[in-house]
Amino acid sequence: MNPVRLGDVIAVLDEAYPPALAESWDSVGLVCGDPEDPVNTVMIAVDPTAAVVAEAVDAGADLLLVHHPLLLRGVDTVGAHTPKGALIHTLIKAGCALFTAHTNADSADPGVSDALAAALGVDVTGPIEPQPTEPLDKWVVPVPVDDAAKIRRALFDAGAGHIGNYRDCSWSVTGEGQFLPTDGANPALGSVGELEHVEESRVEVIAPRRIRAAVLAALRAAHPYEEVAFDVFETATFPGPRGLGRVGELREAVSLRNFTQQVADALPTTAWGVRAAGNPDAMVRTVAVCGGSGDSFLSAIAQLGVDAYVTADLRHHPADEHLRDSGPALIDVAHWASEQPWCAQAKGVLDTAFGETPGWQVQVSAVRTDPWSVGATSDCPR
């Protein structure tokens with residue numbers, strides 16, 4: 001069996017967490033490493049901290065896969081005298097690549113919030129903020145009946161005809177076409193100056209709008225007519241399964257007090273802990289979750305009619321105003337804890353693809369990269 005290359009792993013990760021889903025400000029993908037290098041051992045973590053890098057190197061990892069980017073904003077040096085540069089040098093010297101799946105993993109289906117929902121026992125029904133389905137064209141091409149199969153094949157080979165898990169999809173009906181070649185024409189059928197009637201198939205296929213140029217080139221190359229007639233209709237888009245955050249339901253309703261404890265029991269322990277805002281005795285059945293910082297969704301959450309919202313990094317004033325406006329209960333957890341379940345999800349993606357390869361192993365980092373290290377409560381009355 002051929003060894004797994006880093007490029008093979010990247011292809012699998014890009015399929016699971018498409019780079020096109022990343023926010024415009026984000027930095028995702030390969031940070032360092034050679035796509036031709038072999039990969040046997042992978043370490044997965046939320047953050048590429050010094051402790052995580054040391055753990056990956058000690059484990060002999062060929063790849064460190066992380067959620068948070070090491071180089072999110074522009075830098076003008078990765079010299080070893082800088083904290084981030086030192087980590088890059090350590091990884092390169094150890095032959096360990098670094099790869100980031102950040103907001104593309106947030107919006108993927110399944111993604112970071114799906115992992116969080118699963119950990120909390122929430123059955124997902126869709127995203128908080130669905131991304132629209134990919135824009136599609138419907139191509140309508142009249143072609144002589146005997147050439148219809150050739151045209152279909154050319155369109156399919158160019159990337160048309162995919163609907164979900166089906167390929168080579170098309171529809172056609174037979175009718176009569178007519179044309180009259182004029183001076184200067186070189187018709188494939190008929191003669192200049194004579195009206196020609198042809199039995200034609202009307203072939204219809206769907207294709208992603210982004211490959212319009214490729215489909216048109218394939219059509220013109222395969223079509224027998226000197227002048228190719230066709231229609232392109234831009235189809236409507238609809239909310240898709242991808243997008244930030246998730247909405248779902250618990251299998252049975254519980255009080256906010258009990259659900260908060262359920263969240264605390266399900267996630268890694270942190271100094272930040274788990275805190276909730278709302279009536280402790282209110283019943284919770286429908287839940288929205290967002291791995292990472294999620295207070296930008298408070299307005300959207302208020303419109304969804306859910307009973308509670310679980311996320312991280314909630315701020316005092318937005319949370320207070322949300323509750324004053326009768327928004328759903330809030331449960332605030334540590335940023336790292338909300339995203340740590342993704343590591344196991346990513347491990348599953350890689351093991352599914354390469355788990356049968358001899359020597360293959362994927363480890364989830366044991367390092368807690370939550371930056372908060374001390375928590376305290378006061379017994380002093382105020």
Side-chain angles (χ1 to χ4, degrees), residues 11-12 14-24 103-104 107-111 125-244:
V12 168
D14 282 351
E15 182 176 359
Y17 310 117
L21 296 179
E23 299 294 315
S24 60
T103 53
N104 50 327
S107 288
D109 177 33
T125 57
I128 292 174
E129 187 178 79
Q131 290 194 353
T133 54
E134 181 174 17
L136 297 176
D137 290 333
K138 182 170 80 169
W139 291 77
V140 179
V141 183
V143 61
V145 170
D146 292 342
D147 293 290
K150 176 184 176 182
I151 291 299
R152 287 193 192 93
R153 185 72 266 153
L155 296 175
F156 297 154
D157 289 346
H162 289 265
I163 301 177
N165 293 324
Y166 296 83
R167 52 172 293 180
D168 292 5
C169 302
S170 70
W171 183 85
S172 62
V173 65
T174 302
E176 182 182 275
Q178 73 170 44
F179 51 84
L180 194 158
T182 58
D183 290 342
N186 183 25
L189 297 174
S191 302
V192 172
E194 297 183 6
L195 184 65
E196 184 73 16
H197 295 270
V198 183
E199 185 182 23
E200 294 181 329
S201 289
R202 173 188 169 107
V203 176
E204 298 187 6
V205 295
I206 294 292
R209 200 166 299 164
R210 57 182 165 79
I211 65 168
R212 184 180 288 179
V215 173
L216 179 57
L219 172 61
R220 284 178 166 158
H223 204 288
Y225 288 170
E226 180 181 26
E227 296 290 347
V228 181
F230 61 89
D231 293 316
V232 180
F233 299 96
E234 295 187 351
T235 64
T237 58
F238 297 92
R242 292 172 169 172
L244 295 171

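Only heavy atoms go into these numbers, but all of them, side chains included; no hydrogens, no water, no symmetry mates.
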[atom1]/[X] to [atom2]/[Y] distance, rounded to the nearest 0.5 angstrom?
X: Glu199; Y: Asp146; atom1: CD; atom2: CG; value: 8.0 Å
X: Trp139; Y: Leu219; atom1: CH2; atom2: CG; value: 6.5 Å
X: Asp109; Y: Tyr17; atom1: CG; atom2: OH; value: 11.0 Å
X: Leu195; Y: Gln178; atom1: CG; atom2: CD; value: 4.5 Å
X: Ser170; Y: Ile151; atom1: OG; atom2: CD1; value: 12.0 Å
X: Arg152; Y: Cys169; atom1: CZ; atom2: SG; value: 12.0 Å

Distance-only check: which donor-acceptor pairs under 3.5 Å involve side-chain atoms of residues 207-217, not counting sequence neighbours?
from: Arg209; atom 1: NE; to: Asp137; atom 2: OD1; distance (Å): 3.2
from: Arg209; atom 1: NH2; to: Leu136; atom 2: O; distance (Å): 3.0
from: Arg209; atom 1: NH2; to: Thr235; atom 2: O; distance (Å): 3.4
from: Arg210; atom 1: NE; to: Glu134; atom 2: OE2; distance (Å): 2.3
from: Arg210; atom 1: NH2; to: Glu134; atom 2: OE2; distance (Å): 3.4
from: Arg212; atom 1: NE; to: Asp137; atom 2: OD2; distance (Å): 2.8
from: Arg212; atom 1: NH2; to: Asp137; atom 2: OD1; distance (Å): 2.8
from: Arg212; atom 1: NH2; to: Asp137; atom 2: OD2; distance (Å): 3.3
from: Arg212; atom 1: NH2; to: Glu234; atom 2: OE2; distance (Å): 3.0

Would you say the side chain of [Y] lies within less than 4.5 Å of the side chain of [X], judging by non-hydrogen atoms?
X: Pro127; Y: Leu244; answer: no
X: Pro224; Y: Pro144; answer: yes
X: Asp168; Y: Arg153; answer: yes
X: Ser107; Y: Gln131; answer: yes

How far apart are the closest heavy atoms of [X] and [Y], and which atoms are they?
X: Val143; Y: Ala148; result: CG1-CA, 3.8 Å
X: Gly190; Y: Pro187; result: O-CG, 3.6 Å
X: Glu23; Y: Thr103; result: N-OG1, 2.9 Å

Worksheet entry | Audit row: Val140, Val203, side chain to side chain contact (heavy atoms under 4.5 Å, CB included) steps and yes/no | CA-CA 6 Å; Val140 179; Val203 176; over 6 Å; no
Discussion item. Are more than 12 heavy atoms, taken from residues, nucleotides or ligands other than Glu196, located less than 6.0 Å from that residue's CD atom?
Written reply: yes
Item to complete: Scan residues 222-232 for pairs that pass side-chain hydrogen bond (donor to acceptor under 3.5 Å, both in side chains), counting only residues two or more places apart or in two chains.
Response: Glu200-Tyr225
Discussion item. Does Trp171 form a side chain to side chain contact (heavy atoms under 4.5 Å, CB included) with Val205? I'd like the steps, not just the answer.
Written reply: CA-CA 7 Å; Trp171 183 85; Val205 295; over 6 Å; no
